[in-house]
Amino acid sequence: MRLVMNEPVERMDRPYARRWWALLVLCLSLLIIVMANTALTVAAPDMTRDLGLSSADLQWVIDGYTVPYAALMLLLGAIGDKYSRRGALILGLFVFGSGAVAGSLVDSSTGVIAARAVMGVGAAMIMPATLSLLAATFPRAERAKAITLWTATAGLAIAAGPLLAGALLEHRSWTSTFLINVPVAALAVVGALVLVPPSKAHDKGRIDYVGGLLSVVWIGSLVYMIIEGPHFGWGVKAITAAVVAGVGLTLFVVWELRHPRPVVDVRRFTDRRFAGSNLAVALFFLAVFGAFYYLTQHLQFVLGYSALQTGLRMLPLAGAVFVGSALTGYLTPRVGMKFTVTAGMVGGTAALALLTRVDASSSYGDLVAPLAILGLAIGLALSPCTDAIMGAFPESELGVGGAVNDTSLELGGSLGIAILGSLLATSYSGHLTDATAGSKLPASALTTAQDSVGAGYGVAQGISEQARKAAAQAARATDPQQAAQLKGQADQLARGARQMADAVGSSFSDAVAHTSLIGAVILGVGTVVVALLLPRGKATEPVEQPAAEKERAKEEEKEREPASVR
């Protein structure tokens, strides 16, 4: 057996024998790039303390990964199609691992943000490469099953990230959550060389670099606007990004419609199956990432679980994803993707609706059912959508197909954290103002507490510390009258600390319920739209090629014919 797999999959006259082992490598590569975001939500408190991060710093530590990741996928997917999909995967893993090493060594917010951005560039190479290699390696009859396992891996990573990060943080610093990516990336590189066959498009032609660069501009600006506006206000930066995104998108569409070999044929979005699948992916990850964002905070801050305990309590979601994936593999061929996708989105809406019951008295038991239903919904809806999106692209554009699917996913996730995260912050601040009305809390302390739930508990902790100091002074006082006065002051401060902590917990719980209601409405309306868009049918046939693409294919075929035949 050869140590390095060098035979291109396109030259094989039968299905690649070790394709399921190759899928394992692709899923491992997917696992680390999804975990890079979910693990950070658990490591964020330790990182904030060690580096003295402001709320703005922390936001960009998280989103510094997202902007290059989303912006570069279309262009890098097209480059991978032309030159080497496996090469793009291996290079992406190397860049991703290098960024992870750098992230573990820096000691400033700027350094961490830069390292996360490098990891985002690597992820933009890896993500479309995993889907394009999957589609190229598996015959059409097996592709839906392989995509189901790929999707289940993404669901597992959502829950595994906090679990692994929590286990590491029990005995190590936050830098370990960066370093854990390095051996996994190294293992994936070796696995890719040994098990994944090379693949690239046949007669790809010149890459539409202008269209690719326009996609970088408009997607990057859009994601930047989504992050900047809701979190930091609609100032000059957010408005400028919105204008650039709008102009860039317009130029991109006009250019792609006129270009003979566009980086992505935008006419595909007129197809109901293709458009509905992309909308479903975006809406679903809007709900999933948004809910994940506030549920991990609720578990850690309000319910008081450690990082590891939080990760363990997200496992019902991961287990349910596998159940949902198994169900979709059985149901979709029999009842069609319209039914399974709609059922999944209805389930996701129901899960968010259940979270509207969260209040100050809620325990973890109240979250188990919503987590399980949300995981089941992910498994049901996403595999058929991804299969339909990939089926819409010819062999020469599988990398672009994967990039389109993943861009929809990233845009949805960014919107979820931005929109639902902003609503959460506004709702929490308002509820906290009401809960502390009439108290003697200084205005500066209230402003600090309104910044985040962690800051709110920090204010309560500070008041409690003042109470302990007053009690210690009372114990040392020799004057009985002074001792009694200090003791009374300590008791009053202790009551204030408890009241503040209760106010923070109840305010955040109410904010979770309110935000979940908005999320359920958004996903519910989206479910109706997707159900109307998706056509009926019991199979996920490839989307019909646009007329312009058919004409180009005919011309290329004529050019390849011998002169005697013409």
Side-chain angles (χ1 to χ4, degrees), residues 41 44-45 48-49 52-60 62 226-235 238 290-304 352-353 355-363 366-367 416-467 489-522:
T41 59
T48 300
R49 283 191 296 270
L53 302 179
S54 66
S55 58
D57 290 336
L58 180 59
Q59 191 64 47
W60 280 110
I62 295 171
I226 290 169
I227 296 165
E228 181 75 20
H231 289 289
F232 308 116
W234 294 95
F292 191 86
Y293 176 75
Y294 56 74
L295 284 179
T296 50
Q297 292 185 69
H298 186 80
L299 287 168
Q300 284 185 276
F301 291 111
V302 179
L303 298 184
L352 292 179
L355 290 173
T356 61
R357 302 184 304 169
V358 170
D359 57 28
S361 63
S362 296
S363 65
D366 298 305
L367 304 180
I417 294 175
I419 295 174
L420 297 185
S422 179
L423 286 169
L424 179 79
T426 302
S427 180
Y428 164 71
S429 178
H431 280 103
L432 186 61
T433 299
D434 294 340
T436 56
S439 70
K440 297 180 180 180
L441 187 69
S444 59
L446 176 60
T447 301
T448 300
Q450 287 174 321
D451 186 60
S452 67
V453 62
Y457 279 114
V459 170
Q461 182 65 32
I463 298 172
S464 179
E465 185 63 30
Q466 292 176 18
Q489 183 181 354
D491 291 342
Q492 184 179 5
L493 286 169
R495 285 194 300 272
R498 287 194 297 271
Q499 290 169 359
M500 185 63 194
D502 291 343
V504 170
S506 63
S507 297
F508 193 80
S509 298
D510 291 341
V512 167
H514 178 257
T515 306
S516 297
L517 176 62
I518 303 300
V521 171
I522 293 172

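Here the structure is a predicted model, which means the values were calculated and not measured.
For S464 (side chain) and A460 (main-chain N/O), no donor-acceptor pair under 3.5 Å exists by modelled atom type. In this structure, T448 contributes its side chain and S444 its backbone to a donor-acceptor pair below 3.5 Å. A donor-acceptor pair under 3.5 Å links the side-chain atoms of T356 to the main chain of A353, judged by distance alone. A donor-acceptor contact shorter than 3.5 Å is absent between the side chain of S429 and the backbone of A425.
The heavy-atom pair separating V459 from A445 by the smallest distance is CG2-O, 3.7 Å. Closest of all the heavy-atom pairs between S361 and D359 is OG-OD1, 2.7 Å. L432 and T436 get closest at one heavy-atom pair: O-OG1, 2.8 Å. Heavy atoms only, all atoms of each residue included: V302 and V453 are closest at CG2-CG2, 4.4 Å.
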Contacts under 3.5 angstrom, residues 491-504 side chains, donor-acceptor by atom type, not counting sequence neighbours:
residue: D491; atom: OD2; partner: K487; partner atom: NZ; Å: 3.4

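Residues V358 and D366 are not in side-chain contact: their nearest non-hydrogen atoms beyond the backbone lie 4.5 Å or more apart. Between S362 and R357 the shortest side-chain heavy-atom distance does not fall below 4.5 Å. A 4.5 Å side-chain heavy-atom check between L420 and Y293 finds every atom pair outside the cut-off.
For the atom pair CG of D510 and OG1 of T515, the computed distance is 10.5 Å after rounding to the nearest 0.5 Å. Here the straight-line distance linking atom CD1 of I226 with atom OG of S422 works out to 12.5 Å at 0.5 Å rounding.
Every side-chain hydrogen bond (donor to acceptor under 3.5 Å, both in side chains) that H431 has, sequence neighbours left out, goes to S427. For S363, there are no side-chain hydrogen bond (donor to acceptor under 3.5 Å, both in side chains) partners two or more places apart in sequence or in a different chain. Every residue two or more places apart in sequence or in another chain that forms a side-chain contact (heavy atoms from CB on, under 4.5 Å) with S506 is listed here: A360. When the side-chain hydrogen bond (donor to acceptor under 3.5 Å, both in side chains) test is applied to T433, the partners found at least two apart in sequence or on another chain are Q450. For Q300, the side-chain contact (heavy atoms from CB on, under 4.5 Å) criterion is met by V42, P45, A307, T310, not counting sequence neighbours. Annotation: side-chain hydrogen bond (donor to acceptor under 3.5 Å, both in side chains) contacts of Y428 (sequence neighbours excluded): none. Evaluation of the side-chain contact (heavy atoms from CB on, under 4.5 Å) rule for A513 yields no partner, not counting sequence neighbours. Applying the side-chain contact (heavy atoms from CB on, under 4.5 Å) rule to Q461 yields the partners R468; only residues at least two apart in sequence or on another chain are considered.
For the salt bridge (charged side-chain N to carboxylate O under 4.0 Å, His left out) condition, no pair includes a residue of residues 419-437, sequence neighbours left out.
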>> Run the side chain to side chain contact (heavy atoms under 4.5 Å, CB included) test on I522 and L352 for me, step by step, so that the C-alpha distance in whole Å, both residues' side-chain angles and the decisive distance to 0.1 Å come before the verdict.
In response: CA-CA 10 Å; I522 293 172; L352 292 179; over 6 Å; no
>> Between F508 and L424, is the side chain to side chain contact (heavy atoms under 4.5 Å, CB included) condition met? List the steps.
In response: CA-CA 8 Å; F508 193 80; L424 179 79; 3.8 Å; yes
